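Have a look at the structure below, then the notes.
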Amino acid sequence: MKRCIFLLFLWWTASWMVQADEVTFKASAPQTVVMGEQFRLTYTVNAEGKDLRVQGMPDFDVLMGPAQSTAHSTRYINGKVSSETTVTYTYILMPKKEGTFTVAPATIKVKNATYTSNSVSIKVLPPDKSGKTTAERAQESSAVINADDFFVRMIVSKQNVYEQEGLLVTFRLYAARPCGLTNVKFPEFEGFLVQEIELPQEKQWSQDRYKERNYFTVDLKQAVLYPQRSGDLTIGKGEYDAIIRVSTPQKARSIFDDFFDSYREVQKTLVSSPATIHVEPLPSGKPASFSGAVGTFSMSASISTDHVKANEAVTVKVQISGNGNLKMIKNPEVQFPNDFDIYDPKVEQNSKTTTAGVSGTKTIEYMAIPRYNGDFEIPAVQFSYFDVKTKSYKTLTSDAFKLHVEKGEEGSGSSPVISNYSNKEQVKYLGQDIRFLKTKGIHFVNKREEVFFGTFMYAMSYIVPLILFVVFSIVYRKQIKENSDLARVRTKKANKIAVKRLKNAGKLMQANQKEAFYDEVLRALWGYLSDKLNIPQADLTKDNVEAELAKYGVDDSLTKEFMDILNTCEFARYAPSQASDAMDKLYGMTVDAIGKMENTIKK
């Protein structure tokens, strides 16, 4: 018995000795309160503390406090004992006036160390016009539901914006008392790129004032919208079914019935009003390096090394940071020397969406391989964007990069190079397949019985190789000439590369990966147009594509079909939902449009 008591004592001692390593000291209070109503301000620390010091609160009357309460908890998990102590200090306050006020941080001492809490911002609303307190309205279950008791507002941060400028839209439920929602149908955002803001799964009711009345409110959805075209764009109405608890009057059959109330749930359909956004087109005077970026950005560029050997890779990293339409930014152009083999850039994006918009960083790595030794210069990288604050275009420019390429392994930088432009991972060198003639150890045997000299076969042995040599030389020279014409090579292989990307898009469609599918179709279309028209992708816009296609005699209907596919992809990537048959239809339209273009533009 004594042994059991001793072991139990050791276990409890160990549990109290194991404490949390990190001390947290936090202040909390309601975000909004109503004038004339009491509320709680609490300070919580996860350790035994002393000497709590709270700064003066001139905007509030302290009705009570601090009231201290302590809670202990012990956990035993996988043979490890851990304990935690939580001490809470509570104040009861009442506001003196309306407005928004800040409670300064407090301090407390834990084990001779001083810790500081966070500050708290509290908004004080005027009293409700009905004269009822928050508690009274929360417990109220009236049999009558007025028109202004429950509604949903679509709050738009601004109704006049530029194309690609972000705006915040919030769907907020206003309720005379807390209620539930079912069958929520938000409006479609046609013409906008949508970036949703992640809200807590468990909705927390707060208070807000609207038209001289206080309501319980909760945000149902928040999103940042980027208009994709100019003109008036309309966000339609939404519908929401509210489940409201109301009292049911009934005739009392006994004296006990007066003590109990009867309730029922009523469904009321709430409709949010539509809104029209006026979108201004971007002003004229766009810089040559502008590719549709709107917002506030910064750019940095660096090179992996300034000394390499021939046939060794070099990487230029460009990083774009800021707030704006990051998802729609096209990669800046990096111009490598002609003797460099260039690979598709690697793109990484790290962004987050808040009420202030989409902010983050986009990193693009361009890799190239120099094939000859020498000194080269990679021109400065330029990136332009439209600043919505100053309403002007701004161009960011990096430094130019000097690159010294040394002679590599044997054959590097000295032998002619033939590159496979569709797949630059394989490079062949000419001149390495030559073998020396043997001049020693050769014995000739003369067989007089077999006379070959002067016969027909003897003559053909000279004529046939000569003819083959001439044919081979002509074909070989023609191939070298065609390979030297990079524009012709890109044009010839445009359809092949587009078909390959469309096959990948088909696989993504089968896997129902919507956003990746539309991204791959966009890459196929822009890559096809870039190769076919011999225009770098960074310089491609919808306007110059239409002009270039017109030069090649492409019908307006086919041009419009291409533009419709591009617009559909850009809108559909971020639309709330897309059916699989829509992707099937778009896939078929894309394959058909590229086939028609191949028959129209022949080089």
Side-chain angles (χ1 to χ4, degrees), residues 5 8-78 80-97 99-125 132-140 177-178 200-207 214 216-218:
I5 297 175
L8 182 62
F9 174 76
L10 289 179
W11 183 81
W12 277 105
T13 303
S15 66
W16 287 111
M17 290 179 63
V18 178
Q19 299 289 337
D21 295 332
E22 184 179 358
V23 176
T24 58
F25 183 38
K26 182 180 179 181
S28 61
Q31 294 181 352
T32 56
V33 297
V34 178
M35 183 66 188
E37 296 185 11
Q38 303 175 8
F39 67 95
R40 294 173 180 267
L41 169 66
T42 60
Y43 294 93
T44 305
V45 59
N46 63 339
E48 292 284 356
K50 61 180 180 179
D51 196 14
L52 172 68
R53 293 183 179 272
V54 179
Q55 300 187 35
M57 295 178 283
D59 302 311
F60 303 94
D61 287 327
V62 181
L63 304 182
M64 188 191 76
Q68 180 178 342
S69 62
T70 304
H72 300 285
S73 62
T74 303
R75 293 177 295 179
Y76 185 82
I77 301 175
N78 296 330
K80 295 183 179 180
V81 180
S82 63
S83 65
E84 183 175 329
T85 299
T86 302
V87 182
T88 303
Y89 303 88
T90 304
Y91 289 85
I92 305 297
L93 306 180
M94 179 177 288
K96 294 181 179 179
K97 53 186 177 180
T100 302
F101 310 101
T102 301
V103 177
T107 61
I108 195 170
K109 288 185 178 181
V110 178
K111 296 180 180 180
N112 298 324
T114 302
Y115 295 89
T116 304
S117 72
N118 56 295
S119 59
V120 178
S121 179
I122 303 172
K123 183 178 181 180
V124 181
L125 302 176
K132 297 179 180 179
T133 65
T134 303
E136 290 173 342
R137 288 189 292 114
Q139 296 175 357
E140 184 183 48
R177 53 188 178 275
Q201 294 292 335
E202 296 183 2
K203 306 295 185 182
Q204 297 293 329
W205 290 91
S206 60
Q207 295 186 79
N214 297 331
F216 292 95
T217 63
V218 64

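In this text, all values refer to a predicted model and were calculated from it rather than measured experimentally. Scope of the values below: all heavy atoms of this structure, side chains included, with no hydrogens, waters or symmetry mates.
Within 6.0 Å of the CD atom in Q68, the count of heavy atoms belonging to other residues, nucleotides or ligands exceeds 12. Heavy atoms of other residues, nucleotides or ligands lying less than 6.0 angstrom from NZ of K203 number more than 12.
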Exercise. So V124 and K97, side-chain contact (heavy atoms from CB on, under 4.5 Å) or not? Walk me through it.
Worked result: CA-CA 7 Å; V124 181; K97 53 186 177 180; over 6 Å; no

Problem set entry | Verdict with reasoning, V23 to K111, per side-chain contact (heavy atoms from CB on, under 4.5 Å) | CA-CA 10 Å; V23 176; K111 296 180 180 180; over 6 Å; no

For this session: Run the numbers on I108 and Y43 for side-chain contact (heavy atoms from CB on, under 4.5 Å), then give the verdict.
Result: CA-CA 10 Å; I108 195 170; Y43 294 93; over 6 Å; no

For this session: Check the pair V45 / Y89 against side-chain contact (heavy atoms from CB on, under 4.5 Å), numbers first and verdict last.
Result: CA-CA 9 Å; V45 59; Y89 303 88; 4.3 Å; yes

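Within the model, atoms CE of M35 and CG of N214 stand 12.5 Å from one another, a figure rounded to the nearest 0.5 Å. With values rounded to the nearest 0.5 angstrom, Q207 atom CD is found 11.0 Å from K123 atom NZ. Atom CD in Q38 sits 4.5 Å away from atom CE in M94 (nearest 0.5 Å). Put simply, CD on E22 and OH on Y115 are 9.0 Å apart, with the number rounded to the nearest 0.5 Å. Atoms OG1 and CH2, on T32 and W205 in that order, are 12.5 Å from each other to the nearest 0.5 Å. Within the model, atoms CG of D51 and CZ of R53 stand 4.0 Å from one another, a figure rounded to the nearest 0.5 Å.
When L41, L63, I122 are each tested for a side-chain contact (heavy atoms from CB on, under 4.5 Å) with L93, only one passes: L41.
A donor-acceptor contact shorter than 3.5 Å is absent between the side chain of K96 and the backbone of D61. Between the side chain of D59 and the main chain of T102, no donor-acceptor pair closer than 3.5 Å is present. Side chain of T85 to main chain of E48: no donor-acceptor pair is present (N/O by atom type, distance under 3.5 Å, no hydrogens or angles). The backbone N or O of P105 lies less than 3.5 Å from a partner atom in the side chain of Q55, making a donor-acceptor pair.
The shortest heavy-atom contact between V120 and S28 is CG2-N, 4.2 Å. Here the closest heavy-atom approach between residue F39 and residue P30 is recorded as CD1-CD, 3.9 Å.
Residues K26 and N118 form a side-chain contact, since some pair of their non-hydrogen atoms from C-beta on lies under 4.5 Å apart. Proximity of V110 to F25: side-chain heavy atoms (C-beta onward) are nowhere separated by under 4.5 Å. Put simply, the side chain of Q204 does not reach to within 4.5 Å of the side chain of V218, judged on heavy atoms.
A donor and an acceptor atom, one from each side chain of S206 and T217, are located under 3.5 Å apart.
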